[in-house]
Chemist: 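Sharing a structure with you now.
A, B, ... follow the sequence lines: proteins, then strands. Residue 1 opens every chain.
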Amino acid sequence: MQERYDFKSIEPKWQKKWEELKLYEVDDFSEKPKYYCLEMFPYPSGKLHMGHVRNYSIGDVVARYKRMRGYDVLHPMGWDAFGLPAENAAIKHGNIHPADWTWDNIANMRRQLKELGISYDWRREVATCHPEYYRWTQWLFLQFYKKGLAYKKKAPVNWCPGCQTVLANEQVVDGECERCHSRVEKKELEQWFFKITAYAERLLQDIKKLHGWPEKVKIMQENWIGRSEGAEITFKIKGHEEAISVFTTRPDTIFGVTYMVLAPEHPLVEKISRGTSQEQAVLEFKRKMMYLSEIERTAETAEKEGVFTGAFAINPFTGEEIPILIANYVLVEYGTGAVMGVPAHDQRDFLFAKKYNLPIKVVIVPPGEELKAEKLTEAYTGEGILVNSGEFTGLANKEAIRIITREAEKRGFGKYRVNYRLRDWLISRQRYWGAPIPVVYCEKCGIVPVPEDQLPVVLPYNVEFRPTGESPLKYVPEFLNTTCPECGGPATRETDTMDTFICSSWYYYRYTSPRDTEQPWSKEKVERWLPVDQYIGGVEHAILHLLYSRFFTKVLYDLGLVHVDEPFTNLLTQGMVLKDGAKMSKSRGNVVSPEEIVEKYGADTARLFILFAAPPERDLEWSDQGVEGSFRFLNRVWRLIYQTKDRISDELREFSAKDKELNRLLNATIKKVTEDIEERFNFNTAISAIMELVNGLYQYKEGEINPGLLKEALNKLVILLAPFAPHIAEELWEALGNKQSVHLEKWPVYDEKALITEEVEIVIQVNGKVKDRVMVPRNAEEATLKEIALNTPKIKELTADKKIIKVIVVPEKLINIVVAG
RNA sequence: GCGGGUGUGGCGGAACUGGCAGACGCGCUGGACUUAGGAUCCAGUGGGUAACCGUGGGGGUUCAAGUCCCUCCACCCGCACCA
């Protein structure tokens, strides 16, 4: 053993050995229980950043720990390898192909991961851009298509001018593209969708099953799905055949409707205003709204604005004629794109009615109170009793919701309806670097899916990248022109590619069967491994990736392809890595590169620091001094073993008091570290417990030692350290004379008896304040304890002239003497 | 506005079901070893001379509150004219 801790030679040495020993290659089938530990696979941007290091260090502790607890651990890694940056790099630099760029990046990041010593089963590596992977992405698309879950429609979609492609709703954040932050525009385009709305209810209901998910993520998904219950009610339009349906959660307020509002894009707007004096005004308003972006139109500060259409609707309950308006605050995408205006009981309607002098009619009052329309300063949205509501007057409004809906249904102009905020998932992208959508267009046969035996539809290599707003594949005749699989006639291929979130919605199944050429995965293997026991990644995927993956799993479940209907049992969302209080970013110039840290201190130090500096879910403030501290600690462990290894042996002498204390500390540490990993993922406190053990051992090694005990303590220390700092643990394990890898060791079990000491210190309080402390025998009687406490010199003095009201005894903890005067 | 989270020394952070606030680490101070120390080892380190005071502020429950209840404040994240 060298005197110096030389991570530069230790780390590569063990990485090589682990690979030779196939230490992390896991059997698909064995007698052991299984554990699937998964970290979100990265986009191969080129280099690892600290967020990655954190993510994979956390996962590696879990994987290594579970292995030592006797599990077969599936711990794989791969690449979410399709996507825009590759194509943008090609456009920017001109001479590099997205595929080459991506594969180079993968090679580099794989090397970095290996240098970190993460215990992956590299045989299972997948890359979504590999034809043998996206072949199955396309195959899955076809299964969705067959089930009627993939369809094409013309719709107003989100267009990102920066990325020159459409985006899913989930990818639009504050009206901006989540990737490049361009302002998203609305475009009317024919696009492919996945019918995620068909699963809205199940996606919502099954959130209840996700006991191992953070509350926060569950709430975010719930909000995103946005279920609301209400009624759809149809209003006739005076002088027209057509009718307009509105969705409302408050059918109980139907008698208070004084106007109706349509979204400017509502399909009937032009028709009903045609020929009225309002025709010009309406067209102008529409034009103005089109010109404004989504954000400008719907910003909180935006005034409610509207214009009369010249047409009137008829309230089906009252027969009243009410004006139809169009307004900026009504969204065509939500509900039916039309709302009934009830200014007395909806704050938005109230503001709008006040502005345009529309009538206000009170139909609900708080029990025992009165409301005057003229005196309202805001809408009354609370519960109450119906007034001015014909036959329904006098009902409690909650009840009225049901009764009125039922009545509308009976009379044929309404029905109960559940409405969701969730929209169908727009999956086509007008870009090259993605999985081609496997359909062809035939003049005779229309849309024809590519037969499964012709998959994959391979991306052509020679393509010119021009950000034109159209897929570059359009200009590749060899790709574009094909024959119809049905009639054999001339046909053209779909040139759009799939949203990369599709590729990442099923990769965790592929890991079970990464090289299967017959099927996307072996059902048997999926049954062994799934669900994922622990999933770890950033909270930024709370909606996108995690919702899509749940959706995929439910579809696959319905198709009989998998046996689980939720993919991830436990989810850990790790916090961000910050520097100077802000997220690391190039523009801020506060980036710390993992490469530098590993170079300077080694992978073990980098990992240890990241795990020690904060609990996993919390944000982590980077500290160069903290890294120094972790490095120092590893050196301290090194020296401890260097200095003591020649004094240990199998000779276990009878325990002295000092030995007992060390033994107690050792077992307490095992207990603490085990519980911290197992129950809470509190790696920071697990590591601090190991530090305390090391401190204790430094004390212990001075003077008389028990060679057998010291040997045991050092060995167990190294095992406890192994999940956190696997290389140095391995080297020290060897130095202690062990032959087999430390990572094959069983996790130590603590001895409950060793934790029990003969004497315990108890605190003596007077009126709840600590005044003294004494050592007492562990099992002392309450009366004895009282006796001792009241008679220590200090307490005697303090209570001499006071009246003792009562004495509270908490065994093995404290005694509180309550006094008066 | 709604929903969620956080608030503890100079700093990162500990504190299980209410029971010694500040574990562990960083930083700082002192000492030892040393040609030297920015290495290492040892000791000290919330504030205050003290009684005491201290977990964002105020109130409450309790023998006892960082922990429970009420109320207010600050910051962070998500959603946001969703009918």
Chemist: Is A:Glu215 touching bases, backbone alone, or none of the nucleic acid, heavy atoms closer than 4.0 Å?
Modeler: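 The answer is nothing, as A:Glu215 stays clear of every strand by at least 4.0 Å.
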Chemist: Would you say the side-chain atoms of A:Tyr329 and A:Asp349 include a donor-acceptor pair closer than 3.5 Å?
Modeler: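 Side chains of A:Tyr329 and A:Asp349: pair found under 3.5 Å.
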Chemist: Please measure how far the P atom in B:G12 lies from the corresponding atom in B:C2, and state the result in whole Å.
Modeler: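 My reading of the P atoms in B:G12 and B:C2 gives 31 Å.
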Chemist: If I pick the C1' atom on B:U8 and the same atom on B:C75, what distance separates them, to the nearest angstrom?
Modeler: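 The answer is 16 Å between these two C1' atoms.
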Chemist: Calculate the interatomic distance between A:Trp224 atom CH2 and B:G3 atom C1'; express it in whole Å.
Modeler: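 Value for this atom pair: 15 Å.
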Chemist: A:Asp346 near the nucleic acid: base, sugar-phosphate alone, or nothing, with a heavy-atom cut-off under 4.0 Å?
Modeler: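 Here A:Asp346 touches no strand at all.
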Chemist: To the nearest 0.5 Å, what is the distance between CZ on A:Arg550 and CD on A:Gln221?
Modeler: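 Going from CZ on A:Arg550 over to CD on A:Gln221, the span is 5.0 Å.
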Chemist: For RNA chain B, whose closest nucleotide is more 5', that of A:Met340 or that of A:Lys771?
Modeler: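 Its nucleotide being nearer the 5' end, the pick is A:Lys771.
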Chemist: Please, what dot-bracket string fits RNA chain B when only Watson-Crick and G-U pairs with both distances under 3.5 Å count, crossing ones use [ ] and pairs to another strand use |?
Modeler: (((((((..(((......[....)))((((((.......))))))((....))..(((((..]....))))))))))))....
Chemist: Which part of the nucleic acid, if any, lies within contact of A:Arg773, taking any heavy atom under 4.0 Å across all strands shown: a base, the sugar-phosphate backbone alone, or nothing?
Modeler: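 Base contact.
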Chemist: Which of these passes side chain to side chain contact (heavy atoms under 4.5 Å, CB included) with A:Ile641: A:Val694, A:Leu697, A:Leu714?
Modeler: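 The passing option is A:Leu714.
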Chemist: Taking atom CD of A:Glu3 as the centre, does the number of heavy atoms from other residues, nucleotides or ligands within less than 6.0 Å exceed 12?
Modeler: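 No, because the 6.0 Å sphere around CD of A:Glu3 holds 12 heavy atoms or fewer from other groups.
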Chemist: Is the distance between the ring centroids of A:Phe631 and A:Phe609 less than 6.0 Å?
Modeler: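 A:Phe631 vs A:Phe609: aromatic centres not under 6.0 Å.
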Chemist: Tell me: CD of A:Glu702 to P of B:C41, nearest whole Å?
Modeler: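 Distance check: A:Glu702 CD to B:C41 P gives 11 Å.
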Chemist: Residues from residues 694-701 of chain A sitting under 4.0 Å of RNA chain B, heavy atoms only?
Modeler: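 Of all residues in residues 694-701 of chain A, the ones placing a heavy atom under 4.0 Å from RNA chain B are A:Asn695, A:Tyr698, A:Gln699.
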Chemist: Does A:Lys355, at its NZ atom, have more than 12 non-hydrogen atoms belonging to other residues, nucleotides or ligands within less than 6.0 Å?
Modeler: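 Yes, the 6.0 Å shell around NZ holds more than 12 heavy atoms from other groups.
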Chemist: Once you apply a heavy-atom cut-off of 4.0 Å, does A:Ile808 come out as touching a base, just sugar-phosphate, or nothing?
Modeler: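 Base: the residue A:Ile808, judged by heavy atoms under 4.0 Å, touches a nucleobase.
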Chemist: Taking only residues two or more places apart in sequence, or in another chain, which ones meet A:Ser245 in a side chain to side chain contact (heavy atoms under 4.5 Å, CB included)?
Modeler: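 Per chain and number, A:Ser245 pairs via side chain to side chain contact (heavy atoms under 4.5 Å, CB included) with A:Glu232, A:Thr234, A:Thr336.
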